[in-house]
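Please read all numbers here as calculations on a predicted model, not as lab measurements.
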Amino acid sequence: MKRSDIARFSGHPNEAAVPLRRLVEEPPNDPRAALAAYTLGRLELDVLGAPHAAAESFARSEALGLPEALREAAAASRVEALGRAGRRDDARVAAEHYEARHPDGARRTQVERWITP
């Protein structure tokens, strides 16, 4: 995680993704994997312009046991990533998942923006 942070903050986003991917993919029980997947999703969505990959990273972060404090953000960001990737049907399904888990969520407006025609 530290190598990724250094690369991100020094303006090298592609290099920042490498250690994050390694944490997510290689050690199956690394407790940092969920946070690494979430961070990778943010990087892919916000900096690298890879919304399809970001959607997968956000889904993986939740599957790996992302802390509850970040679950709503990950779910909403997944809807956005799917919307940006042009996967409207998948975005709607992800939005339903978001609303089921976070019925009074603070990010409902963000979610609705990506599923409204």
Side-chain angles (χ1 to χ4, degrees):
M1 292 289 287
K2 188 173 184 177
R3 272 188 271 197
S4 175
D5 288 344
I6 291 168
R8 276 188 305 135
F9 297 132
S10 65
H12 299 93
N14 288 315
E15 290 84 0
V18 173
L20 293 172
R21 285 189 187 105
R22 192 173 304 127
L23 268 172
V24 172
E25 294 169 5
E26 288 181 10
N29 295 319
D30 191 317
R32 301 170 296 173
L35 184 57
Y38 176 79
T39 304
L40 181 59
R42 294 273 20 124
L43 187 65
E44 291 164 336
L45 185 62
D46 297 337
V47 181
L48 297 176
H52 179 76
E56 299 308 315
S57 292
F58 291 127
R60 191 145 191 207
S61 73
E62 288 189 78
L64 289 168
L66 190 65
E68 191 61 40
L70 291 173
R71 284 183 181 250
E72 180 183 358
S77 295
R78 183 161 192 264
V79 174
E80 178 180 350
L82 291 165
R84 284 190 188 187
R87 295 170 54 190
R88 294 287 180 194
D89 291 339
D90 292 333
R92 282 187 189 89
V93 171
E96 290 171 6
H97 171 79
Y98 171 87
E99 290 185 17
R101 293 205 53 170
H102 311 283
D104 298 318
R107 298 173 184 260
R108 285 188 79 174
T109 303
Q110 174 188 347
V111 167
E112 290 171 2
R113 182 175 126 203
W114 292 103
I115 60 168
T116 314

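- The two residues Ser61 and Ala34 have their closest heavy-atom pair at CB-O, 3.4 Å.
- Summarising the geometry of Ala55 relative to Ala81, their closest heavy-atom pair is N-CB, 3.6 Å, with the distance given to 0.1 Å.
- Under the 4.5 Å side-chain criterion, counting only non-hydrogen atoms from C-beta, Arg101 is in contact with Glu62.
- Considering all non-hydrogen atoms of both residues, Ala17 and Leu48 come closest at CB-CD1, 4.3 Å.
- Smallest separation of non-hydrogen atoms from Ala95 and Val111: CB-CG1, 3.6 Å.
- Residue pairs meeting the ring pair (Phe, Tyr, Trp, His ring centres under 6.0 Å) criterion with at least one member in residues 62-82: none, sequence neighbours excluded.
- Judged as a salt bridge (charged side-chain N to carboxylate O under 4.0 Å, His left out), the pairs with a partner in residues 72-83 (not counting sequence neighbours) are, in order, Glu80-Arg84.
- Residue pairs meeting the salt bridge (charged side-chain N to carboxylate O under 4.0 Å, His left out) criterion with at least one partner in residues 35-55, sequence neighbours excluded, are Arg21-Glu44, Arg42-Asp46.
- For the side-chain contact (heavy atoms from CB on, under 4.5 Å) test, residues two or more places apart in sequence or in another chain that qualify with Arg108 are Tyr98, Glu99, Glu112.
- Clustering ILVMFWY residues whenever any of their side-chain heavy atoms sit less than 4.5 angstrom apart, transitively, puts Val47 in the very cluster that holds Leu40.
- Taking the side-chain contact (heavy atoms from CB on, under 4.5 Å) definition, one finds that Leu70 meets it with Leu35, Tyr38, Leu66, sequence neighbours left out.
- Taken together through direct or relayed side-chain contacts under 4.5 Å among Ile, Leu, Val, Met, Phe, Trp and Tyr, Val93 and Phe58 form parts of separate hydrophobic clusters.
- Remark: Arg88 pairs with Arg92, Trp114 by the side-chain contact (heavy atoms from CB on, under 4.5 Å) rule, at least two apart or across chains.
- Here Leu64 contributes atom CG and Leu23 contributes atom CG; the two are 10.5 Å apart, rounded to the nearest 0.5 Å.
- Evaluation of the side-chain contact (heavy atoms from CB on, under 4.5 Å) rule for Arg87 yields His52, Glu56, Leu82, Ala85, Asp90 as partners, not counting sequence neighbours.
- Under the rule for a salt bridge (Lys or Arg N to Asp or Glu O under 4.0 Å), Arg60 has no partner lying at least two apart in sequence or in another chain.
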